[in-house]
Number of protein chains: 2
Amino acid sequence: MDDVDEEVSMGTSEDTGAPAGRSLAHPGLEEIRLEAVLHALADPVRLRIVRDLAEGHTDMSCIAFQLPVSKSTSTHHFRVLREAGVIRQRYEGTSRINRLRTEDLEARFPGLLTAVVTAARRTVPRA
Amino acid sequence: MDDVDEEVSMGTSEDTGAPAGRSLAHPGLEEIRLEAVLHALADPVRLRIVRDLAEGHTDMSCIAFQLPVSKSTSTHHFRVLREAGVIRQRYEGTSRINRLRTEDLEARFPGLLTAVVTAARRTVPRA
DNA sequence: CCTGTAGTACGAGATTCACCGTACGACATG
DNA sequence: CATGTCGTACGGTGAATCTCGTACTACAGG
């Protein structure tokens, strides 16, 4: 599909001595598409990730979720969430730290994330 | 609140003289699943249907939407929405009348439909 | 340097999905 | 009954998706 990998122009501010190695492509605020967000949230595994992130663990590495899938599949799901604009990922050592893009989503689709998380809390089982 | 009961449970197409013909299977209120709803809304065509229904046209026949797809595909999309619990369909002559299950969705997933429709109104082009 | 950890990339296989055309059924009207 | 309208059901095709295993890269310590 249309790949929006424009090399992340956001974290480049303080990239001085930064690792300069990997950069992760995140869509800009205006590029977040509703269909993509809904599709990203429509999967049970990803919904659990989002639910867990919203439970207060603002920052979590991928491995902390204990998902019932393999490592590859886990990577895939985090990628879908990231490319849809639902989460933001950054490196920290060998780990990848995940965080919900709460403010961005609230600005673009007010009330959506809150409603989904509330709904998931009621119907989606926890870990 | 006129609870529509379960005019039909998930079983049809079975002998009997049939109650005046076609019956449509709708999920009960407690059977509406979040993932199914999100998946149903994640498609651009179905999102437009929902958006149009929410625009004030509470009751619309399938043909009134002028969707950019064939009749078969149109039927498919309405079926997905109905089975997910997003819309309710009933017969009226040769037409099928569609209506959003606004109250049901609000009861089960508060704020969800409103947030999605608001978001769609801002980013999804009209007919 | 070597080992371990955290995660990615690359296919591959199975399933689901969106789309279509054609054939058919139910209703209305002539 | 004949015709037209509205929609369903039944396949079928091509694309997308979910899942996995294996091989690889980047970082941290001993």
Side-chain angles (χ1 to χ4, degrees), chain A residues 1-3 5 8 17-26 33 35-49 59-84 87-98, chain B residues 8 12-26 33 35-49 59-84 87-99:
Chain A
M1 281 192 191
D2 50 318
D3 222 339
D5 58 325
V8 196
R22 6 278 212 104
S23 38
L24 296 169
H26 294 77
R33 285 178 33 248
E35 300 95 321
V37 171
L38 293 174
H39 170 255
L41 298 174
D43 182 273
V45 174
R46 294 192 291 260
L47 197 53
R48 223 187 73 180
I49 293 173
D59 285 32
M60 294 176 75
S61 69
C62 293
I63 206 175
F65 289 89
Q66 307 234 93
L67 301 175
V69 293
S70 73
K71 269 199 305 182
S72 321
T73 307
S74 180
T75 296
H76 162 69
H77 285 308
F78 279 104
R79 170 202 283 264
V80 172
L81 285 171
R82 188 186 72 239
E83 293 184 344
I87 66 172
R88 194 175 289 280
Q89 294 186 296
R90 69 172 192 280
Y91 283 102
E92 194 154 310
T94 69
S95 299
R96 211 172 244 194
I97 305 301
N98 303 281
Chain B
V8 179
T12 61
S13 69
E14 195 58 296
D15 90 277
T16 72
R22 33 279 182 91
S23 33
L24 296 169
H26 294 79
R33 285 178 35 247
E35 300 95 321
V37 171
L38 293 174
H39 171 255
L41 297 174
D43 182 273
V45 174
R46 293 192 291 261
L47 197 52
R48 223 187 73 180
I49 293 173
D59 286 32
M60 294 177 74
S61 69
C62 293
I63 207 175
F65 289 89
Q66 307 233 95
L67 300 175
V69 292
S70 73
K71 270 199 304 179
S72 322
T73 306
S74 180
T75 297
H76 162 70
H77 285 307
F78 280 104
R79 169 202 281 263
V80 171
L81 286 170
R82 188 186 71 238
E83 293 185 345
I87 66 172
R88 196 175 287 281
Q89 295 186 295
R90 69 171 192 280
Y91 283 102
E92 195 154 309
T94 70
S95 300
R96 211 173 243 193
I97 305 301
N98 303 280
R99 168 176 295 200

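Reminder, nothing fancy here: chain letters follow the sequence lines and each chain counts from 1. Atom set for the values below is all heavy atoms of this structure, side chains included, hydrogens, waters and symmetry mates excluded. Everything numeric here is computed off the predicted structure, so don't read it as measured data.
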Look up atom [atom1] in [X] and atom [atom2] in [Y], then write down how far apart they are to the nearest 0.5 Å.
| X | Y | atom1 | atom2 | value |
| --- | --- | --- | --- | --- |
| A/Leu38 | B/Asp43 | CG | CG | 10.5 Å |
| A/Leu67 | A/Phe78 | CG | CZ | 5.5 Å |
| B/Arg79 | B/Ile87 | CZ | CD1 | 11.5 Å |
| B/Ser74 | B/Arg46 | OG | CZ | 11.5 Å |

Please report the distance, rounded to the nearest Å, between [atom1] in [X] and [atom2] in [N].
| X | N | atom1 | atom2 | result |
| --- | --- | --- | --- | --- |
| A/Arg90 | D/dC27 | CZ | C1' | 16 Å |
| A/Leu24 | D/dT25 | CG | P | 18 Å |
| A/Leu81 | C/dT8 | CG | P | 12 Å |
| A/Asp43 | C/dT15 | CG | P | 17 Å |
| A/Phe65 | C/dA6 | CZ | P | 15 Å |
| A/Leu41 | D/dC18 | CG | P | 12 Å |
| A/Glu83 | D/dT17 | CD | P | 10 Å |
| A/Gln89 | C/dA6 | CD | C1' | 12 Å |

**Message:** Looking at B/Arg96 and B/Gln89, would you say the former's side chain and the latter's main chain have a donor-acceptor pair under 3.5 Å?
**Reply:**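 Such a contact is absent between B/Arg96 side chain and B/Gln89 backbone.
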**Prompt:** Between B/Arg48 (side chain) and B/Phe65 (backbone), is there a donor-acceptor pair under 3.5 Å?
**Reply:**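 Checked: pair present.
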Name the closest nucleotide to the [X] side chain, picking from [options].
| X | options | result |
| --- | --- | --- |
| A/Arg79 | C/dA9, C/dA26, D/dT19 | C/dA9 |
| A/Val45 | D/dT19, D/dC6, D/dT8 | D/dT19 |
| B/Thr94 | D/dC27, C/dA26, D/dC18 | C/dA26 |
| B/Lys71 | D/dC6, D/dA26, C/dA18 | D/dC6 |
| A/Arg96 | D/dC18, C/dA18, C/dT8 | C/dT8 |

**Message:** Let me spell it out: for each of A/Arg46 and A/Glu92, pick the nucleotide of DNA chain D with the closest heavy atom. Which residue's pick is nearer the 5' end?
**Reply:**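 Closer to the 5' end of DNA chain D: A/Arg46.
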**Asked** Which sits closer to the 5' end of DNA chain D, A/Ser74 or A/His39, going by the nucleotide each is nearest to?
**Response**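 This one resolves to A/His39.
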Return no unless some side-chain N or O of [X] is found under 4.0 Å from OP1 or OP2 of [N].
| X | N | result |
| --- | --- | --- |
| B/Thr75 | D/dT8 | yes |
| A/His76 | D/dC20 | no |
| A/Ser70 | D/dT19 | no |
| A/Thr73 | D/dC20 | yes |

**Request:** Answer with base, sugar-phosphate or nothing: what part of the nucleic acid does A/Val69 contact at a heavy-atom distance below 4.0 Å?
**Result:**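 Here A/Val69 touches the backbone only, sparing every base.
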**Message:** What I want to check is whether an N or O donor and acceptor connect the side chain of B/Ser72 with the base of C/dG21 at under 3.5 Å.
**Reply:**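 Such a pair is found, so the answer is yes.
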